[in-house]
*Asks:* 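Below you'll find the structure I mean.
For reference, positions follow the sequence shown, starting with 1. Atoms considered below: every heavy atom in the structure, side chains included; atoms not considered: hydrogens, waters and symmetry mates.
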Amino acid sequence: MHKLHKLVVPFSIIIAGGLIAAAIYFTNTAPSASAKPSVADLAKSKPEVVVAPVSGTDHIQGSKDAKIVVVEYSDTECPFCKRHHQTLTQIFNDYKTNNQVAWVYRHFPLDIHQKSPKEAEATECANELGGNAKFWEYIDMVYNVTTSNDGLDASLLPEFAEKIGLDRAAFTTCLNSGKYAAKITEAKNAGLQAGARGTPYTVLLVKNGSKVDTIPLVDDKGQGLGAIPYTAFKSIIESFLK
């Protein structure tokens, strides 16, 4: 990993279109209205974060050379991540043409969710057996089915693999081996270095001439803005595309 550029795009751009009205969700509790950042708070919030560059080992939809790469740090049993996943799916579908937006998913299982690490391993087994496309099919299914907060029946994990066309026996062997447990731990450690303290946590990598600006979507305390509503997220994307 390497240290990326300081935020040089005025943070006030990010709040265009009503971001300050967005509900803030951090870990699994929604703060009171007083916790919502003001324009002044966001304008002065320019934390330096260490984000691993997008590489061939990432789970990505779109091109790493897109104008905006949305990097999502997420937990499959976080209810706000479930909501955020739907938002990012819609955002990607809206802006995937002309290399406008790409979407990278990175694991950040929270300690309060006992099932999340194994579910993250399951997505890696899907990736091993079917590649990047099957990773996305699999994780979409997990988010669609889980009721969150450790509500997903672990016995469904091999069934999901079979439903998306993967070999159930091979998947089960992979999952039971625990071969990806260390990778999930490494992913969480990388998320901490990127500024994640709860989920969902989002960082934008925005092309700015020959360099890339790193835009963590945080409040003045450095806490992630969480499950930003679709309309607010769309305004952020539009601002940078202009």
*Asks:* If you compare all heavy atoms of Asp75 against all heavy atoms of Leu110, which two are closest, and at what distance to 0.1 Å?
*Replies:*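 Nearest pair, atom of Asp75 first, then Leu110: OD2-N, 2.7 Å.
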*Asks:* Check whether more than 12 heavy atoms from other residues, nucleotides or ligands sit under 6.0 Å from atom CD of Gln114, and answer yes or no.
*Replies:*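 Count not over threshold, so no.
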*Asks:* Between Trp103 and Glu72, do the side chains contain a donor N or O and an acceptor N or O under 3.5 Å apart?
*Replies:*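 Side chains of Glu72 and Trp103: pair found under 3.5 Å.
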*Asks:* Please list, chain by chain and in numerical order, all residues satisfying ring-ring contact (aromatic ring centres under 6.0 Å, His included) with His107, sequence neighbours excluded.
*Replies:*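 His107: ring-ring contact (aromatic ring centres under 6.0 Å, His included) contacts with Tyr105.
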*Asks:* When you check the side-chain N and O atoms of His84 and Thr199, is any donor under 3.5 Å from an acceptor?
*Replies:*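 No - no donor-acceptor pair under 3.5 Å links their side chains.
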*Asks:* Show the nearest heavy-atom pair for residues Asp111 and Lys188, with the distance to one decimal.
*Replies:*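 Shortest heavy-atom separation between Asp111 and Lys188 comes out as OD1-NZ, 2.8 Å.
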*Asks:* Scan for side-chain hydrogen bond (donor to acceptor under 3.5 Å, both in side chains) pairs involving residues 165-177, sequence neighbours excluded, and state none if there are none.
*Replies:*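 Every pair satisfying side-chain hydrogen bond (donor to acceptor under 3.5 Å, both in side chains) with a residue in residues 165-177: Glu162-Arg168.
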*Asks:* Please find the pair of heavy atoms, one from Phe108 and one from Ala196, that lie closest to each other, and give the distance.
*Replies:*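 Scanning both residues completely, I find the closest heavy atoms to be CZ-O, 3.6 Å.
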*Asks:* Considering residues at least two apart in sequence or located in another chain, which fulfil the side-chain hydrogen bond (donor to acceptor under 3.5 Å, both in side chains) criterion with Asp58?
*Replies:*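 Scan of Asp58 (side-chain hydrogen bond (donor to acceptor under 3.5 Å, both in side chains), adjacent residues dropped) gives Arg106.
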*Asks:* Looking only at heavy atoms, what is the nearest atom pair of Lys115 and Ala154, with distance?
*Replies:*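 For Lys115 versus Ala154, the nearest heavy atoms are NZ-N, 4.4 Å.
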*Asks:* Using the salt bridge (charged side-chain N to carboxylate O under 4.0 Å, His left out) criterion, which residues pair with Glu119? Sequence neighbours excluded.
*Replies:*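 Salt bridge (charged side-chain N to carboxylate O under 4.0 Å, His left out) check on Glu119 returns nothing, list empty.
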*Asks:* Could I get the full list of side-chain hydrogen bond (donor to acceptor under 3.5 Å, both in side chains) partners for Glu159, not counting sequence neighbours?
*Replies:*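 side-chain hydrogen bond (donor to acceptor under 3.5 Å, both in side chains) check on Glu159 returns Lys163.
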*Asks:* So which atom in Ala66 and which in Val69 form the shortest heavy-atom distance, rounded to 0.1 Å?
*Replies:*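 The pair with the smallest heavy-atom distance is O-CG2, 4.2 Å.
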*Asks:* Is there side-chain contact between Ile228 and Thr202, with at least one heavy-atom pair below 4.5 Å?
*Replies:*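 A side-chain contact under 4.5 Å is absent here.
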*Asks:* Examine Lys82 relative to Tyr143 and say whether NZ or CZ is less than 6.0 Å from the centre of the six-membered ring and inside a 45° cone about the ring axis.
*Replies:*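 Not satisfied by the 6.0 Å and 45° rule.
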*Asks:* Please examine the side chains of Leu217 and Val203, heavy atoms only from C-beta on, and report whether any two atoms are closer than 4.5 Å.
*Replies:*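 Not touching, per the 4.5 Å side-chain cut-off.
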*Asks:* Which pair of non-hydrogen atoms, one from Glu124 and one from Tyr180, has the smallest distance, and what is that distance?
*Replies:*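 Shortest heavy-atom separation between Glu124 and Tyr180 comes out as CB-CG, 3.6 Å.
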*Asks:* Holding to side-chain hydrogen bond (donor to acceptor under 3.5 Å, both in side chains), I want the full list of residues that pass it with Lys234, two or more places apart in sequence or in another chain.
*Replies:*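 Residues passing side-chain hydrogen bond (donor to acceptor under 3.5 Å, both in side chains) with Lys234: Tyr95.
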*Asks:* What I want to check is whether the side chains of Ser148 and Thr146 have a donor and an acceptor closer together than 3.5 Å.
*Replies:*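 Looking only at side-chain atoms, Thr146 and Ser148 do not form any donor-acceptor pair under 3.5 Å.
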*Asks:* Of all residues at least two apart in sequence or in a different chain, which pass the side chain to side chain contact (heavy atoms under 4.5 Å, CB included) check with Thr147?
*Replies:*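 Once residues adjacent in sequence are excluded, Thr147 has no partner under the side chain to side chain contact (heavy atoms under 4.5 Å, CB included) criterion.
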*Asks:* Suppose clustering is done on Ile, Leu, Val, Met, Phe, Trp and Tyr with side-chain heavy atoms closer than 4.5 Å. Which residues sit in the same group as Leu157?
*Replies:*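 Result for Leu157 is Leu129, Tyr138, Met141, Val142, Val145, Leu152, Leu156, Phe160, Ile164, Leu166, Phe171, Leu175.
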*Asks:* Gln90: what forms a side chain to side chain contact (heavy atoms under 4.5 Å, CB included) with it, not counting sequence neighbours?
*Replies:*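 Gln90 satisfies side chain to side chain contact (heavy atoms under 4.5 Å, CB included) with Asp94, Tyr230 only.
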*Asks:* Hey, are Asp140 and Lys134 close enough for a salt bridge, meaning a charged N less than 4.0 Å from a carboxylate O?
*Replies:*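 No, no charged N to carboxylate O under 4.0 Å.
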*Asks:* Looking at Lys118 and Glu121, is there a salt bridge between them, counting it only when a charged N and a carboxylate O are closer than 4.0 Å?
*Replies:*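 Salt bridge between Glu121 and Lys118, a charged N being under 4.0 Å from a carboxylate O: yes.
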*Asks:* Quick check on Asp65: does its CG atom have over 12 non-hydrogen neighbours (other residues, nucleotides or ligands) under 6.0 Å away?
*Replies:*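 For Asp65, atom CG is crowded (more than 12 foreign heavy atoms under 6.0 Å).
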*Asks:* Are Ile112 and Ile184 connected, step by step, through hydrophobic side chains (Ile, Leu, Val, Met, Phe, Trp, Tyr) whose heavy atoms are closer than 4.5 Å?
*Replies:*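 Different clusters: Ile112 never reaches Ile184 through Ile, Leu, Val, Met, Phe, Trp or Tyr contacts under 4.5 Å.
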*Asks:* Examine distances only and state if a side-chain atom of Asn98 and a backbone atom of Gln100 form a donor-acceptor pair shorter than 3.5 Å.
*Replies:*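 Absent.
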*Asks:* How would you list, by chain and number, every residue that makes a side-chain hydrogen bond (donor to acceptor under 3.5 Å, both in side chains) with Lys96, sequence neighbours excluded?
*Replies:*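 side-chain hydrogen bond (donor to acceptor under 3.5 Å, both in side chains) list for Lys96, sorted by chain: empty.
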*Asks:* Could you work out, with ring-ring contact (aromatic ring centres under 6.0 Å, His included) as the rule, every residue matching Tyr201, not counting sequence neighbours?
*Replies:*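 Tyr73.
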*Asks:* For Thr185, give me all partners under side chain to side chain contact (heavy atoms under 4.5 Å, CB included), at least two apart in sequence or on another chain.
*Replies:*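 Testing Thr185 for side chain to side chain contact (heavy atoms under 4.5 Å, CB included), a comparison that skips the adjacent residues, returns Asn189.
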